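Only one structure is covered here, and it is reproduced in the block below.
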Amino acid sequence: MRTDDVHVFISCFRREDEALAYSQAQWEPEPGEDASDEDYKAWEDSNPSWLMRKELGEPYLDSDFIEIVWGTGDGEPGVRWDYLASVIGSANTSVCQRLAPSEATTLILIFGQALGGFPFAFSSTPEMTYCGAFPWLS
């Protein structure tokens, strides 16, 4: 798998905060100083939760190389096709447009570096449509 590829997913979140809660690791508040060792260990074992990573099958993912683009850029739902074209080109963006659900609002871009060199085959999940891997126009 090439590290200069961009894996493109399209999703349908009603609000940006929903998109971010799904696509980014979420941490519960850390237990207080009075927590027992067992409670603290349980907290460590359950954090972070990361629904997108779980749905993908728990691959290694470095969140520094994942980009979420919700809405059209003016606070309205819709997909920023112009932005995607600047990342993967117009022809590849057309492929994604054909695959996208009509109510799509969110681009989820996972850059090849996010996999840390580990092999992984992406696919669609219940929440995201996988459009494919495309060369990044860096």
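Bear in mind that the values here come from a model prediction, so they are computed numbers and not experimental data.
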Practice problem: Measure the acute angle between the ring planes of F9 and F122, then classify it against the limits of 30° and 60° as parallel, tilted or perpendicular. | Solution: perpendicular
Separation of [Y] [atom2] from [X] [atom1] (nearest 0.5 Å):
{"X": "S123", "Y": "H7", "atom1": "OG", "atom2": "NE2", "answer": "12.0 Å"}
{"X": "W136", "Y": "Q113", "atom1": "CH2", "atom2": "CD", "answer": "5.5 Å"}
{"X": "F65", "Y": "I110", "atom1": "CZ", "atom2": "CD1", "answer": "13.0 Å"}
{"X": "W81", "Y": "S90", "atom1": "CH2", "atom2": "OG", "answer": "12.5 Å"}
{"X": "L51", "Y": "E55", "atom1": "CG", "atom2": "CD", "answer": "4.5 Å"}
{"X": "L84", "Y": "L109", "atom1": "CG", "atom2": "CG", "answer": "6.0 Å"}

Which heavy atom of [X] sits nearest a heavy atom of [Y], and at what distance?
{"X": "A85", "Y": "L137", "answer": "O-CD1, 4.0 Å"}
{"X": "G73", "Y": "R80", "answer": "N-CD, 3.5 Å"}
{"X": "C96", "Y": "I88", "answer": "SG-CD1, 4.1 Å"}
{"X": "T129", "Y": "L99", "answer": "CG2-O, 3.8 Å"}

Quiz item: Side chains of N92 and C131: does their closest heavy-atom pair fall under 4.5 Å?
Solution: no
Exercise. Kindly indicate whether the side chain of Y22, heavy atoms from C-beta on, has any atom under 4.5 Å from the side chain of T125.
Key: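 Heavy-atom side-chain distance check passes, below 4.5 Å.
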For the backbone of [Y] and the side chain of [X], can you confirm whether one donor and one acceptor N or O come within less than 3.5 Å of each other?
{"X": "Q26", "Y": "Q24", "answer": "yes"}
{"X": "R53", "Y": "P59", "answer": "yes"}
{"X": "S11", "Y": "E127", "answer": "yes"}
{"X": "E18", "Y": "R14", "answer": "yes"}
{"X": "T105", "Y": "G71", "answer": "no"}

Exercise. Apply side chain to side chain donor-acceptor pair (under 3.5 Å) to D62 and list each qualifying residue two or more places apart in sequence or on a separate chain.
Key: none
Quiz item: L20 and M52: same hydrophobic cluster, using ILVMFWY side-chain contacts below 4.5 Å?
Solution: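 Yes; M52 is reachable from L20 via cluster members.
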Self-check item: Pair W70 + F13: ring centers closer than 6.0 Å
Solution: no
Self-check item: Result of checking I10, V8, L56 against M128 for side chain to side chain contact (heavy atoms under 4.5 Å, CB included)
Solution: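 The single option meeting the side chain to side chain contact (heavy atoms under 4.5 Å, CB included) with M128 is L56.
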Quiz item: Could you walk me through whether L61 and W50 pass the side chain to side chain contact (heavy atoms under 4.5 Å, CB included) check?
Solution: CA-CA 10 Å; L61 287 176; W50 192 353; 3.8 Å; yes
